[in-house]
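Working notes, structure below.
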Amino acid sequence: MAVPIFIGDEISATGYRLAGVRVRTPAPEDILNVITWACSQSSLVMMTPEYAAMLSDSDHDHFLSQESPPVVVVPDIRATTHVEDLANRLRSQLG
């Protein structure tokens, strides 16, 4: 099984790296290429809300709604951005 990939800020990435997760901290203009690459390389992709917000609305919806690999938004270490409640997100997407 492929190692999970984390996409986010350098401070949060440090903790994930110590846990054995592959990490990427792309520039805003590279986020789409990096998440596309991550989805082709891993069985799980995690990203902070800050980096998820860098995606266009259509790309954001596409990646977060795909089944494989799952792409999930996780809090950053500073908790500077609110992470949407998973239960509410699932209810809104699945009805």
For Val74 and Met47: C-alpha separation, side-chain torsions, deciding distance, then whether side chain to side chain contact (heavy atoms under 4.5 Å, CB included) applies.
CA-CA 6 Å; Val74 296; Met47 62 190 326; over 6 Å; no
(Q) Please tell me whether Asp61 and Ser58 have a donor and an acceptor in their side chains that are separated by less than 3.5 angstrom. (A) no
request  = Evaluate the side-chain proximity of Pro49 to Val73: yes if any heavy-atom separation is below 4.5 Å, no if none is.
outcome  = yes
Without placing hydrogens or testing angles, list every side-chain donor-acceptor pair under 3.5 Å for residues 4-15, not counting sequence neighbours.
residue, atom, partner, partner atom, Å
Asp9, OD1, Ser12, OG, 2.9
Asp9, OD2, Ile11, N, 3.2
Asp9, OD2, Ser12, N, 2.8
Asp9, OD2, Ser12, OG, 3.1
Ser12, OG, Ile77, N, 2.9
Thr14, OG1, Glu10, O, 2.9

inquiry  = Go through it in stages, so that I can follow the logic: the residues are Val71 and Cys39, the test is side chain to side chain contact (heavy atoms under 4.5 Å, CB included), and I'd like the CA-CA distance, side-chain angles, deciding distance and then a yes or no.
reply    = CA-CA 8 Å; Val71 177; Cys39 288; 3.8 Å; yes
* Hey, mind stepping through His62 and Leu55 against side chain to side chain contact (heavy atoms under 4.5 Å, CB included) and telling me if it holds? -> CA-CA 10 Å; His62 166 74; Leu55 294 167; over 6 Å; no
For residues 16-33, the side chain to side chain donor-acceptor pair (under 3.5 Å) pairs (sequence neighbours left out) are none
Ignoring hydrogens and geometry, is there a side-chain-to-backbone donor-acceptor pair from Thr36 to Leu32 under 3.5 Å? yes
- Could you tell me whether a side-chain N or O of Ser56 sits under 3.5 Å from a main-chain N or O of Asp59, the two making a donor and an acceptor? yes
**Message:** Could you walk me through whether Phe63 and His60 satisfy the side chain to side chain contact (heavy atoms under 4.5 Å, CB included) test, starting with their C-alpha distance in whole Å, then the side-chain angles of each, then the deciding distance to 0.1 Å, before giving a yes or no?
**Reply:** CA-CA 6 Å; Phe63 286 111; His60 183 272; over 6 Å; no
Note: Pro28 and Ile31 closest approach over all heavy atoms is O-CG2, 3.2 Å
Looking only at heavy atoms, the pair that brings Ser43 and Ala2 closest together is OG-O, 3.3 Å
